[in-house]
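Each remark here refers to the structure printed beneath this line.
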2 protein chains.
Amino acid sequence: MTYIHFMGRRSDHSRAELEELILSTGSTLIAETGLAGFSAREVARRIGYSIGTIHNVFGTADRLVAAINTRSFKDWAASLRERLNAVGPDGDRIAALVDGYFGFAREHPHLWTAIFDHRLPPDGGLTEADETGRALLTRIVVEEIARAVGCEVDDEVAALSRSLIATVHGHCSFAISGAWSLMGEAAPEAAALARVREALSAWDVCLTQS
Amino acid sequence: MTYIHFMGRRSDHSRAELEELILSTGSTLIAETGLAGFSAREVARRIGYSIGTIHNVFGTADRLVAAINTRSFKDWAASLRERLNAVGPDGDRIAALVDGYFGFAREHPHLWTAIFDHRLPPDGGLTEADETGRALLTRIVVEEIARAVGCEVDDEVAALSRSLIATVHGHCSFAISGAWSLMGEAAPEAAALARVREALSAWDVCLTQS
DNA sequence: TATAAGAAATAGACAGTGCTCAATTTGTGA
DNA sequence: TCACAAATTGAGCACTGTCTATTTCTTATA
């Protein structure tokens, strides 16, 4: 008859609540200031806990950022699913996919940028939970590409999907960082979509011939 | 009859020599430790000058990193030109271009990563000299793509070129960051090349039809 | 009920960082 | 020889992440 839930000294927040509080506050901070302006101390200040508490819960500032990025990944995947549901089974799902990729980056440029700018120290890789959370987005795309080319999900389709993700990512990356506008490019998203369509039609031709 | 050249106190290094010294030492430091391990103080330590000197010459650590990245860009462009010369006018110049893009990233992963991870503070953009130095790489690609599709260099070809750069960049980015190997992708460079070839042949079809 | 045990939270020290600016060289032209 | 002015220094400031000793509170036991 033991209560394992409230073992700490503060009853303000349970461990889970504290994790959530740190995570969402950290996410807001990155959204506001970008990864460069992020600091674990500032997160502690905002939630009214000391810096040591952050360390207790997340171990390292890097691991906290990794957790925040995983959360961004999940939100991103969710918004992608929403768009796919919105266009329906007969809509232009490929366009929805590309627009979903760009959409999250445009709406949350700092969060999106943080995902790809952050590097973990060489020793400590991602958590199992991080890995699976991030794999969601890839899985959605793989499923959609399989649907688009009318195949089962196999290694070949998965490889094509990753290549298409990389293609769209490159365009989005330049668009968000601003390197693109300096070069006078007007419609990076349209270009990305064009490249994807070309690859898909090349794949169809390949299938027909074999 | 006034000599304006030697106004300083140290004859160890002229201003230009000092700039070069800081730049090359900083470049080596990033190549060794990555952008995260970079510090202006460490550069000062290594060249035997004080931290103040770095600030006199480059103003800000961010501007120093920007200058280092511009230097990387130039080296990158030079190695691209070399590869193009090596394959000659009748070789597979498109493959050489893609391989050159990946090649620099593979040989100098930290320098390459630093180029795209570094963000200047919102107020201070890049120098004129930085801009032109970085534009070199794009120009090389635009010229080659014009050659490949047998056109003059115009806005359309330039837009296509930027889109192809983005495509290759996306693949290279995932390959270097390691996100790729986690997904089990074996040949990111081959995939990038395939996407580029598809885009070029789609362009050819487009030209033939019009 | 009183007390021992133990975990959460904290405070604060440590070693770094970038940036500033008064004080200090020191080469040079007068 | 001297004075000037540019180049260089480095202590000081406000930060940062990380870590350990300490406090504070809850729970379980005697």
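Here A:Arg147 pairs with nothing under the salt bridge (Lys or Arg N to Asp or Glu O under 4.0 Å) rule; sequence neighbours left out.
Separation of the A:His171 and A:Phe102 ring centroids does not fall under the 6.0 Å cut-off.
Atom OH in B:Tyr49 sits about 12 Å away from atom P in D:dA7, given to the nearest Å. Summarising the geometry, the separation between CG on A:Leu35 and P on D:dT16 is reported as 14 Å, rounded to the nearest angstrom. Between the CD1 atom of B:Ile22 and the P atom of D:dA7 there is a distance of 13 Å, given to the nearest Å. Rounded to whole Å, atom C1' of C:dA9 lies 10 Å from atom CG of A:Leu18. One can place CD1 of A:Ile47 at 13 Å from C1' of C:dT10, the figure rounded to the nearest angstrom. B:Asn56 has its CG atom 14 Å from the P atom of C:dA22, to the nearest Å. For the pair B:Arg15 CZ and C:dG27 P, the computed distance is 18 Å after rounding to whole Å.
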Handout entry: Secondary structure string for DNA chain C (Watson-Crick or G-U under 3.5 angstrom, | for other-strand pairs)
Key = ||||||||||||||||||||||||||||||
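To the nearest 0.5 Å, the span separating CD1 on A:Ile145 from SG on A:Cys151 amounts to 11.0 Å. Interatomic distance, B:Asn56 CG to B:Tyr49 OH, rounded to the nearest 0.5 Å: 11.5 Å.
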Exercise for the section: Could you walk me through whether B:Asp62 and B:His118 pass the side-chain hydrogen bond (donor to acceptor under 3.5 Å, both in side chains) test, one step at a time? Expected result: CA-CA 8 Å; B:Asp62 272 319; B:His118 183 243; 2.8 Å; yes
Practice task
Go through the steps to decide whether A:Glu20 and A:Arg71 satisfy the test salt bridge (charged side-chain N to carboxylate O under 4.0 Å, His left out), and finish with yes or no.
Solution key: CA-CA 11 Å; A:Glu20 169 56 28; A:Arg71 162 185 276 247; 2.7 Å; yes
Exercise for the section: Start with the C-alpha distance between A:Arg106 and A:Asp99, add both sets of side-chain angles, then the distance that settles salt bridge (charged side-chain N to carboxylate O under 4.0 Å, His left out), and finish with yes or no. Expected result: CA-CA 10 Å; A:Arg106 265 195 297 259; A:Asp99 195 50; 3.5 Å; yes
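Surrounding CG of A:Asp154 are more than 12 heavy atoms belonging to other residues, nucleotides or ligands, all under 6.0 Å away.
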Exercise for the section: Go along nucleotides 13-20 of chain C 5' to 3' and tag each nucleotide: B for a protein heavy atom under 4.0 Å from its base, S when only backbone or sugar atoms are that close, - otherwise. Expected result: B---SBBB
